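Reading through the structure tokens given below for one structure.
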Amino acid sequence: MRARTESLPPMPSAGEQSYQHVVRNRLIELSDVSKTYRRRYRRRIDALVELDLRIEAGSTVAVVGPNGAGKSTLFGVLAGLVRPDRGVTLVHGLAPIAHVRSRGVGLLPDRVRLPARLTVREVLARLAILDGYSGAAVPRSVDRVLDLVGLRERSGDRCGGLSHGLRQRVGIAQFLLRPREVLLLDEPLSGLDPVWRARFRELFEQLRRDSSGRTLLLSSHELGETARLTERVIVIDAGRVVDDFPTRGDSEEMERRVLSVLRRAGQA
Amino acid sequence: MRSLAVLFPRLLRDRLSRSVVATALVLLFTSPLLRAGKSGFADGYMAGGKLGAASTANLVGLLLALAAPWLAEGVVSDLRRNGSGPLLLTRPVSRPGFYFARWLAGFACLAGVAIIAAATINMAWSAGGGSGPGLSLAGSIGAGLVIWIWVGSTVLLLSAVLDRGEALAGTLLVAIPIALTASLPTTDLLSGAGRVLPVRPMLSAARALLAGDVPVHSSLVTTGGWGLAILAVGLLVASRRDWRAGD
């Protein structure tokens with residue numbers, strides 16, 4: 001449970017000039033983006049349907065909606081993990097895969113899955129290497145994030161033996177190795193106990209404070225929490241944006257609005 | 001590119017246990033030949049070393065071809081099975097480059113198996129007092145590459161489209177043409193299949209390299225050409241396949 005309060009690492013130095021330029025401009029654009037998953041027996045699931053979205057650089061945005069609404073697919077598209085069937089997606093003016101290739105994207109998936117036979121330290125070391133660390137900086141960066149999520153004592157454990165909550169904390173640790181300009185958090189609180197939910201909120205606030213220009217997208221079913229952490233809410237249902245409004249920090253009002261929109265969408 | 005170079009030793013370590021098992025199996029299956037060599041070939045029977053080298057190279061080449069699918073398994077599918085793909089592939093790294101590094105680690109391991117097996121066989125023959133089979137150590141790397149470039153690439157392609165079972169599929173791709181060509185008379189169908197699945201040219205090039213001979217040029221070109229084409233397709237397919245964030 002030990003967790004030190006340490007500062008987060010600085011923004012990536014690569015492309016600093018162009019980054020400042022991008023911050024002044026629209027950052028994420030999706031135009032007419034559709035994605036359909038084809039399952040067995042010709043079953044089709046429309047995950048995203050003609051989605052249009054603009055997200056400004058430096059904003060903190062919540063993406064909410066019922067299960068299967070398309071939130072994870074949206075994050076997958078932005079992370080270059082999912083190819084839309086149709087439409088145009090631009091992140092910093094680049095296609096998502098090209099953007100990831102040049103700058104990387106911070107992704108915290110809803111279910112963090114890790115190689116069972118590797119230790120927590122080894123998994124984080126590999127990710128740190130791909131983040132550009134080398135030599136002595138690798139163990140240093142790993143120790144730093146292990147301390148941030150209170151997992152230093154468990155660093156020698158194999159990932160296969162970790163509980164869901166501990167895996168989620170490893171997920172947060174890898175996310176903090178080198179925070180990127182675009183951060184995607186898909187159900188970040190899932191599986192965390194109350195102490196670590198509070199700790200996550202602190203880390204999230206710190207990320208926001210330290211990150212003039214970082215864009216954070218957060219998906220969560222916990223509407224009250226979301227209202228406190230974000231400044232804009234995008235409501236998605238059946239792959240479509242059904243509402244989009246500023247939160248103004250009022251969690252009750254936001255909760256009422258989201259539920260009423262989703263009920264209306266469900267009845268339609 | 002630099003981060004992949006730093007990561008490479010860890011990718012090699014992932015394949016280490018399989019490499020040790022593969023080496024042990026190659027030595028286990030060649031030991032009857034070694035014993036025959038000591039008692040038969042070593043006393044000058046049938047030009048001793050020459051025949052011993054050919055037989056041993058044949059067997060080692062075949063065993064390496066069968067071990068290759070197992071060593072090549074999981075270049076893409078492991079990431080899907082253990083779920084680490086999304087975390088790895090959202091880093092600033094080239095996807096084809098990342099898969100290529102994993103593929104290359106497999107080649108280094110197969111070459112290692114081939115060198116250790118060849119060196120051990122040579123030493124065992126020398127210790128027995130006979131003239132050694134003369135398996136070439138440099139040729140072992142070449143044999144490993146010839147085998148890997150075709151078998152390893154095929155298994156990479158299978159790994160990109162299958163979530164599991166690509167090692168078995170790759171083994172069957174090697175074993176079935178061998179079994180068919182050994183048991184059936186050559187037909188147009190078989191020779192056509194041989195062009196598509198160039199197992200025999202691959203094996204003939206590998207055993208020539210192992211025995212320290214210059215392999216037939218066409219067998220190298222056929223194997224290498226097919227292997228590189230399959231590798232390119234495999235990397236393309238792997239790089240374009242969707243990952244769900246929860247995969």
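By convention in this document, chain letters (A, B, ...) are assigned in the order of the sequence lines, proteins followed by strands, and residues within each chain are numbered from 1. These numbers come from a predicted model, not from an experiment.
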_For the backbone of A/S134 and the side chain of B/R2, can you confirm whether one donor and one acceptor N or O come within less than 3.5 Å of each other?_
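Such a contact is absent between B/R2 side chain and A/S134 backbone.
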*Does B/D242 use its side chain to pair, donor to acceptor, with the backbone of A/R83 at less than 3.5 Å?*
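Such a contact is found between B/D242 side chain and A/R83 backbone.
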*Any idea which of A/A47, A/G80, A/G171, A/G132 has the most non-hydrogen atom pairs under 4.5 angstrom with chain B?*
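The candidate making the most pairs under 4.5 Å is A/G80.
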_I'd like to verify something: which residue of A/V138, A/L118, A/I129 has the highest number of heavy-atom pairs under 4.5 Å with chain B?_
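That would be A/I129.
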Do [X] and [Y] touch side chain to side chain, with heavy atoms closer than 4.5 Å?
| X | Y | result |
| --- | --- | --- |
| B/S84 | A/V123 | no |
| A/R117 | B/N82 | no |
| A/Q174 | B/R91 | yes |

Heavy-atom neighbours of [X] [atom1] exceed 12 at 6.0 Å:
| X | atom1 | value |
| --- | --- | --- |
| B/R13 | CZ | yes |
| A/R158 | CZ | no |
| B/F29 | CZ | no |
| B/R241 | CZ | yes |

*Would you sort out whether B/L88 and A/L130 count as a side-chain contact (heavy atoms from CB on, under 4.5 Å), showing the intermediate values?*
CA-CA 8 Å; B/L88 292 161; A/L130 291 177; 3.5 Å; yes
*Verify side-chain contact (heavy atoms from CB on, under 4.5 Å) between A/I97 and B/R95, making sure each step is shown before the conclusion.*
CA-CA 9 Å; A/I97 286 190; B/R95 279 183 205 181; 3.9 Å; yes
Which heavy atom of [X] sits nearest a heavy atom of [Y], and at what distance?
| X | Y | answer |
| --- | --- | --- |
| A/R113 | B/L87 | O-CD1, 4.3 Å |
| B/R10 | A/R126 | O-NH2, 3.4 Å |
| A/D131 | B/P92 | OD1-CD, 4.1 Å |

*CZ/A/F75 to OG1/B/T90 distance, rounded to the nearest 0.5 angstrom?*
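Separation between the atoms: 13.0 Å.
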*Going from CG on B/D14 to CD on A/E122, what distance comes out if it is rounded to the nearest 0.5 angstrom?*
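It comes to 7.5 Å.
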*Answer with side chain, backbone, both or neither: which region of A/K71 has an atom nearer than 4.5 Å to a non-hydrogen atom of chain B?*
neither
